[in-house]
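Here the structure is a predicted model, which means the values were calculated and not measured. Hydrogens, waters and symmetry mates are skipped; everything else that's a heavy atom, side chains included, is used. Just follow the structure's listing: the first ligand is 1, and inside any ligand the first atom is 1.
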Amino acid sequence: MKKKKLVVLTGAGISAESGISTFRDSGGLWEGYDVMEVASPEGWRKNQALVLDFYNQRRKQAASCEPNDAHKELVHLEEFFDVHIITQNVDNLHEKAGSSKVLHLHGELFKSQSTIDPSLVYEMDGWEIKTGDICEKGSQLRPFIVWFGEMVPMIEPAAELVEEADIFAVIGTSLAVYPAAGLIEYTKTNIPKYLIDPNLPSTRSYLHLRKIPEKASIGTKIMSEEIIRLYA
Ligand code: APR
C-alpha cells in the first residue's frame, strides 16, 4: 500500500539539542551579530572577509555536532511514511542522521557558491572559504546561504510538497521568517498537523495544530508514536 506523505518543516530548534544555537532564543546567534552585517548582500558588498569569517566559524562549530534523537526519529518514520523534510536549517544534521529527502530553504553551510553564477554550487570538504577562493569562472566563492533580502529559490517546490502532505509537522521554528513561515498556509485543511516547540507562547494561536510543548527530542517521539498508531 502507498505510504502516506509526512511533510516536516524544521527550524533551528531541532538542532538545539545537538549544540547548534538557535537565532532568536535568549543568547541566540543574532544577539551577538548585526544580521545585516553578516547575512545580507549589503554586508557581503561591504566586508566579504567578515562574512566569510562568520560562516567559517559556524561551519567549524557545526562540523563537530551530531544529529539528536529528533533527527533520528524522523529517519525512523521513513519506515512508515513517505517523509519529506523542509528545513530552514543550513546544518547537515538531517542528512547525517540519514533522512533521504531533505529540502533546504535557506541554503547549506557545507556548500559554497559562485558570486557571478548562482547555479555553480560546490560541496566543501573543509570548513573554510577564504578570500581568494574562486569558482571555475574566476569569481570569489561565497557561502551557499540565502541571505536576508534574497529570493528563496526552493520555496515553490516546498509549497507543492506541503500541499501534497497527508500529515504536516512543524518542529523547532519561531515561524518568524517568511516565506518559510507562510508554508503552513498551504496545508490541506482536514489533515493532522503538529507543532513541536517547548516555548509555545499563547500569542501564537495556531488553533488548528496539535501542539506538543516539548523539546524536539521528546516531542518528535510523542508525535511519532501517535501518527504510527493512527495513520501508518
Ligand atoms: N526543541 C524544539 N524547539 C526548540 C528547542 C528545542 N530543544 N529550543 C528552542 N526551540 C524553539 C524556540 O522556542 C523557537 O521557537 O526553536 C525556535 C527557534 O526559532 P529561531 O531561533 O527563530 O530559529 P528559526 O525559526 O529556525 O529561524 C528561521 O531565521 O535567522 C533566520 O535564516 C535564519 O533559518 C533561520 C530563520
Quiz item: Nearest to atom 35 (C) of ligand 1 by heavy atom, Trp147, Phe23, Trp30: which?
Solution: Phe23
Quiz prompt | Nitrogen or oxygen atoms of Gly13 and ligand 1 under 3.5 Å apart | solution = yes
Exercise. Could you tell me whether Tyr33 and Phe54 have their ring centroids closer than 6.0 angstrom?
Key: yes
Exercise. Give the atoms of ligand 1, by number and element, whose distance to some non-hydrogen atom of Asn199 is under 4.0 Å.
Key: 12 (C), 13 (O)
Quiz prompt | Verdict with reasoning, Asp91 to Arg58, per salt bridge (Lys or Arg N to Asp or Glu O under 4.0 Å) | solution = CA-CA 9 Å; Asp91 64 54; Arg58 287 183 63 193; over 6 Å; no
Exercise. Determine, considering heavy atoms only, which of Gly219, Ser174, Pro198, Ala216 sits nearest to atom 19 (O) of ligand 1.
Key: Ser174
Quiz item: For ligand 1, which atoms sit closer than 4.0 Å to a heavy atom of Gly11?
Solution: 26 (O)
Exercise. May I ask you to check if ligand 1 and Ala12 share an N or O to N or O distance below 3.5 Å?
Key: yes
Quiz item: Which is closest to atom 18 (C) of ligand 1 in terms of heavy atoms, Gly172, Ala70, Ser15, Gly107?
Solution: Gly172
Exercise. Could you grab the distance from atom CZ of Phe144 to atom OG of Ser112, nearest 0.5 Å is fine?
Key: 9.5 Å
Practice problem: For the pair Asp25 (side chain) and Gly28 (backbone), establish whether a donor and an acceptor sit closer than 3.5 Å, ignoring hydrogens and angles. | Solution: no
Self-check item: Connected via hydrophobic side-chain network under 4.5 Å: Val7 and Ile167
Solution: no
Practice problem: Below 4.0 angstrom from a heavy atom of Asp197, which ligand 1 atoms are there? Numbered from 1 as shown, please. | Solution: 11 (C), 12 (C), 13 (O), 14 (C), 15 (O), 16 (O), 17 (C)
Practice problem: Answer with side chain, backbone, both or neither: which part of Val177 has a heavy atom less than 4.0 angstrom from an atom of ligand 1? | Solution: side chain
Quiz prompt | Electrostatic pair Arg210-Glu226, nearest N-O below 4.0 angstrom | solution = yes
Exercise. With atom 31 (C) of ligand 1 as the reference point, say which of Lys215, His106, Arg24 has the nearest heavy atom.
Key: Arg24
Quiz item: Rounded to the nearest 0.5 Å, how far does CD of Glu225 lie from OG1 of Thr220?
Solution: 11.0 Å
Exercise. Could you list which atoms of ligand 1 come closer than 4.0 Å to a heavy atom of Phe148?
Key: 30 (O), 31 (C)
Exercise. Could you list which atoms of ligand 1 come closer than 4.0 Å to a heavy atom of Thr173?
Key: 15 (O), 16 (O), 17 (C), 24 (P), 25 (O)
Exercise. Have a look at ligand 1 and work out which part of Glu17, if any, has a heavy atom under 4.0 Å from it: side chain, backbone, both or neither.
Key: side chain
Quiz item: Are any non-hydrogen side-chain atoms of Phe148 and Val35 less than 4.5 angstrom apart?
Solution: yes
Quiz item: Leu74, Phe81: one ILVMFWY side-chain cluster at the under-4.5 Å cut-off?
Solution: yes
Self-check item: Residue portion contacting ligand 1 (non-hydrogen atoms closer than 4.0 Å) for Ala176
Solution: neither
